Amino acid sequence: MTPIQALQKYFGYSKFRHQQEAIIQHVLNKKDVLTLMPTGGGKSLCYQLPAILLNGLTIVISPLIALMKDQVDSLTVMGIPAAFLNSAQSPDEQAQIINQLKNNQIKLLYLAPERLFGSESKLIGFLKTLPVVQIAIDEAHCISQWGHDFRPEYLALAGLKNDFPNVPVIALTATADKLTQKDILDKLALKDPAIFISSFNRANITYRVMPKKNSFDQLLTFLADRKDESGIIYCLSRKSTEALAADLKAEGFLAEAYHAGLDNAVKARNQEAFLRDDIKIIIATIAFGMGINKSNVRYVVHMDMPKNIEGYYQETGRAGRDGLPSAAMLFYSPGDAIKLKGFASVENNEEQTRIMLNKLNDMVKYCQLPTCRRQFLLNYFDEQAPENCASCDVCLSEFTKFDATLIAQKALSAVYRLNQRFGGTYVIDFLRGSKNEKIREEHKQLKTYGVGADISKTDWQRYLRELTALGYLQVTDDAYPVLKLTPKSEAVLKGLQKVELIATQIMDEPNPTEALPFEADLLTVLKNTRREMAVLENVTAYIIVSDATLVEMATYFPQSLDELRLISGFGDIKLARYGRDFLTQVNSYCSERKLSSKIGQKSKKRERKPRAEKATEKIRSSDTRLTSFNLYRTGKSIAEVADERGLAASTIESHLSYFIAIGEMDVLDMVSEEKIPAIKDAIESYGADRLSPLKEILGDDYSYGEIKATVAWLNRNQM
Ligand code: ADP
Ligand code: ZN
């Protein structure tokens with residue numbers, strides 16, 4: 001069986017994601033591998049598939065017992081023999097598993113590291129008598145003290161290569177900076193390892209930041225469309241998680257708190273209820289999340305600003321593991337930053353304090369960003385990204401820019417006249433000619449004093465922020481930050497450089513979901529069916545099939561097992577076990593409503609995509625993408641649309657690409673036919689996760705717009 005055949009047969013997926021195929025091939029060739037993939041990227045499959053194909057036992061090291069059970073359940077449901085050993089099991093249970101191992105009846109064995117190498121453990125000796133063909137180390141960053149989640153028991157894994165010198169090791173993690181990466185390789189003593197780093201972009205998550213005003217009301221607005229969806233809400237303090245849980249319950253939400261101070265029993269109960277969809281919302285401190293593998297978390301809200309980008313990205317990453325559109329919302333207030341500054345200082349460790357403060361500053365920067373949030377996040381993790389992602393609040397908002405050269409000159413010369421020794425508040429008071437006694441007498445004599453009196457304080461604050469973001473000013477990171485000029489300032493002061501700032505900002509409504517036009521009632525029916533199955537099998541619901549699979553069924557109405565096989569997520573065993581029951585539901589739903597199968601529209605070669613019209617209907621008429629598309633349809637060129645809307649041409653290209661993806665617009669409108677093969681080639685070799693490498697390979701003859709359009713066109717069946 002080839003890897004791709006096994007992918008279809010066992011997992012029910014038709015294509016590999018990211019670099020899964022290459023990684024799997026390496027393991028099959030007995031090579032050591034380090035894999036970095038974002039949460040939800042599909043790491044497990046990288047060792048599960050070789051485990052199926054190889055003749056022998058795969059040992060999986062994983063830090064969390066809760067996670068092991070989940071993984072073993074989902075493998076069992078797919079017909080892959082798997083087990084875990086832990087101290088909570090009875091001696092009988094353990095003996096039974098040992099027996100199965102002796103008889104080569106188990107393909108994957110999950111273990112915690114302390115179990116393998118614990119002082120009294122005879123396990124390692126026993127395992128060495130078995131035909132071990134692969135060792136997978138999940139959450140491999142736990143071995144490094146440079147990582148954010150060091151676990152001393154992982155250090156014992158350093159001995160693995162001695163015990164199993166000829167067994168390929170695959171180390172997997174979702175977070176590892178360069179230092180941690182190197183540490184993992186060293187500590188595990190991997191032999192000539194191949195390193196696979198996937199893009200960390202989570203394309204299905206929309207990022208939003210909102211100034212915090214009355215956060216509970218803001219939250220209720222956000223939740224209004226999401227009553228039936230699962231979400232995680234993070235708060236800074238234990239007390240506020242409990243208060244918020246009570247408030248949400250009072251509003252009729254199924255919500256519970258989770259924090260380290262709760263009884264273990266209460267924590268376990270709340271977590272379990274969340275996994276089973278019995279409660280919809282968990283309100284948590286950061287103690288919650290690690291090891292939560294729930295795939296249908298539709299949103300993550302931060303009521304307070306997180307301490308650093310790493311934590312924020314990991315927490316938001318818990319949304320949308322199933323690949324469906326999901327939201328990240330952060331309510332930001334400058335007050336949070338001040339509060340956190342207090343926590344950032346590490347006693348007797350200036351160096352560490354400095355690092356923490358820098359990380360906090362980056363987080364503040366992110367919250368105040370006038371440019372694409374996704375780009376900032378990816379750049380933060382050393383990854384290139386286009387300027388416009390079309391799915392963060394900045395890119396979804398309409399900005400009108402205006403010529404602000406004069407304003408910039410006033411601000412920069414004020415900073416200059418004040419000898420670059422004052423902070424933003426003073427500079428603004430100075431510009432506005434404040435009579436405040438804090439303004440020094442000698443400053444009141446300067447020509448620049450009061451030249452910005454016509455502009456409000458809040459506007460000045462925004463302008464200074466933007467000027468900083470654009471690199472015309474910088475803020476020092478001292479205890480009392482001051483504004484300074486930059487190498488870019490001079491050209492502005494001399495009138496050689498025009499500066500554009502944002503005039504007004506019209507925010508889109510939150511969440512213009514690109515929801516598929518599925519039958520919502522059918523989805524409810526299918527969810528109930530799934531819940532009954534899950535109860536019978538004693539597993540969590542999404543282990544039977546994911547929400548994404550249910551949504552596909554409710555979109556395409558498969559009428560037979562052969563048609564059901566084309567739905568992503570149905571491997572052979574799942575088809576045999578659950579197929580009929582799902583089909584019965586779909587059949588009766590469709591015959592009542594005279595609906596027929598749409599599975600033909602899922603096939604790759606389809607020419608017309610009737611779904612597309614519906615997809616367009618689903619976009620709100622206020623959607624900025626639709627505005628661009630409508631203008632474009634009147635016959636205007638991209639440049640003209642860009643001009644008319646005061647947006648960059650690249651933004652318009654992103655907008656239009658969406659319509660190519662849903663089949664509303666012909667790709668040939670944006671790319672000439674003879675260019676497509678080369679772009680396609682590049683995408684097939686390098687993937688479409690990141691545009692900049694593609695651009696580099698294709699060279700100057702190919703624009704970002706053309707590449708974007710081709711990517712959208714190739715993806716059009718997946719929308
Ligand atoms: P990670 O461990 O990287 O966070 P998982 O291994 O849990 O991610 O995978 C996330 C989800 O993606 C799972 O539901 C998994 O079945 C699914 N998945 C993995 N690979 C593929 C693929 N090639 N096609 C479709 N879905 C996939
Ligand atoms: Zn963006």
Side-chain angles (χ1 to χ4, degrees), residues 3-4 6-8 10-21 23-24 35-49 60 62 64 67 70-71 73-75 77-78 80 136 138-140 170 172-175 196 198 200-209 289-297 314 317-324 328 366 369-379 385-397 399 508 540 542-550 552 567-571 574 624-625 647-648 650-651 654-655 687 718:
I4 189 88
L7 183 71
Q8 177 62 52
Y10 287 93
F11 295 88
Y13 301 140
S14 55
K15 269 189 305 201
F16 284 108
R17 272 194 199 157
H18 296 287
Q19 296 148 304
Q20 281 174 334
E21 190 164 21
I23 295 166
I24 288 164
T35 293
L36 279 80
M37 230 185 243
T39 311
K43 282 187 288 298
S44 326
L45 203 131
C46 297
Y47 59 83
Q48 289 173 346
L49 203 117
V60 186
S62 167
L64 293 157
L67 226 148
D70 232 39
Q71 294 264 6
D73 282 349
S74 58
L75 287 165
V77 164
M78 288 189 290
I80 302 164
D138 208 2
E139 312 287 353
I170 171 171
L172 309 107
T173 171
T175 49
F196 290 92
S198 299
F200 271 64
N201 184 22
R202 293 291 310 278
N204 61 323
I205 299 180
T206 305
Y207 299 93
R208 288 171 196 283
V209 178
M290 172 91 176
I292 287 299
N293 223 345
K294 188 175 166 62
S295 66
N296 65 345
V297 175
Q314 201 175 19
R318 297 193 175 116
R321 279 166 177 265
D322 53 13
L324 295 178
Y366 171 80
L369 220 52
T371 53
C372 175
R373 296 200 203 273
R374 186 183 308 277
Q375 184 187 40
F376 180 93
L377 290 169
L378 292 174
N379 288 170
E387 260 167 45
N388 186 299
C389 75
S391 63
C392 72
D393 53 356
V394 179
C395 295
L396 286 168
S397 301
F399 293 111
D508 272 7
T540 41
Y542 57 85
I543 280 176
I544 304 283
V545 289
S546 73
D547 280 19
T549 301
L550 295 186
E552 274 203 14
I567 299 291
S568 177
F570 273 107
K574 281 192 184 174
T624 178
R625 293 175 296 196
L647 296 169
S650 65
T651 308
S654 294
H655 292 170
Q718 290 160 19

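In listed order, ligands and their atoms are each counted from 1. The structure displayed is predicted, hence computed values, not measured ones.
Annotation: side chain of Tyr10 is not in contact with side chain of Leu49 (no heavy-atom distance under 4.5 Å). In this structure, Ser62 and Gln71 have side chains that are not in contact, with every pair of non-hydrogen atoms separated by 4.5 Å or more. Counting only heavy atoms from C-beta outward, the side chains of Met37 and Ile23 approach each other to under 4.5 Å. Using a 4.5 Å heavy-atom cutoff, the side chains of Leu396 and Arg208 are in contact.
Heavy atoms of Ser74 come nearer than 4.0 angstrom to ligand 1 in no pair at all. Residue contacts with ligand 1 include Gly41, since one or more of its heavy atoms lies under 4.0 Å from the ligand.
For atom 20 (N) of ligand 1, the closest non-hydrogen atom on the protein side is Gln20 NE2, 2.9 Å. Among protein heavy atoms, the minimum distance from atom 4 (O) of ligand 1 is reached at Gly40 N, 2.6 Å. Among all non-hydrogen protein atoms, the one lying nearest atom 6 (O) of ligand 1 is Ser44 OG, 2.6 Å. Given atom 23 (N) of ligand 1, the protein heavy atom at minimum distance is Lys15 O, 2.8 Å. Nearest protein heavy-atom neighbour of atom 12 (O) of ligand 1: Arg17 NH1, 3.1 Å. Taking atom 16 (O) of ligand 1 as the reference point, the nearest protein heavy-atom neighbour is Tyr13 OH, 2.6 Å. Of the protein's non-hydrogen atoms, the one nearest atom 9 (O) of ligand 1 is Gly42 CA, 3.4 Å. Protein heavy atom in closest approach to atom 11 (C) of ligand 1: Arg321 O, 3.7 Å.
Some N or O of Lys43 is nearer than 3.5 Å to an N or O of ligand 1, by distance alone. The shortest N/O to N/O separation between Ser295 and ligand 1 does not fall below 3.5 Å. Looking at ligand 1, you won't find any N or O of Met37 less than 3.5 Å from one of its N or O atoms.
Partners of Tyr366 by ring-ring contact (aromatic ring centres under 6.0 Å, His included), not counting sequence neighbours, listed by chain and number: Tyr312, Phe376. Legend: residues meeting side chain to side chain donor-acceptor pair (under 3.5 Å) with Arg17, ordered by chain and number and at least two apart, are absent.
The existence of a salt bridge linking Lys43 and Asp138 is excluded, since no basic side-chain nitrogen approaches an acidic carboxylate oxygen closer than 4.0 Å.
Here the angle centred on the Zn ion (ligand 2), running from SG of Cys372 over to SG of Cys395, is 100°, rounded to 10°.
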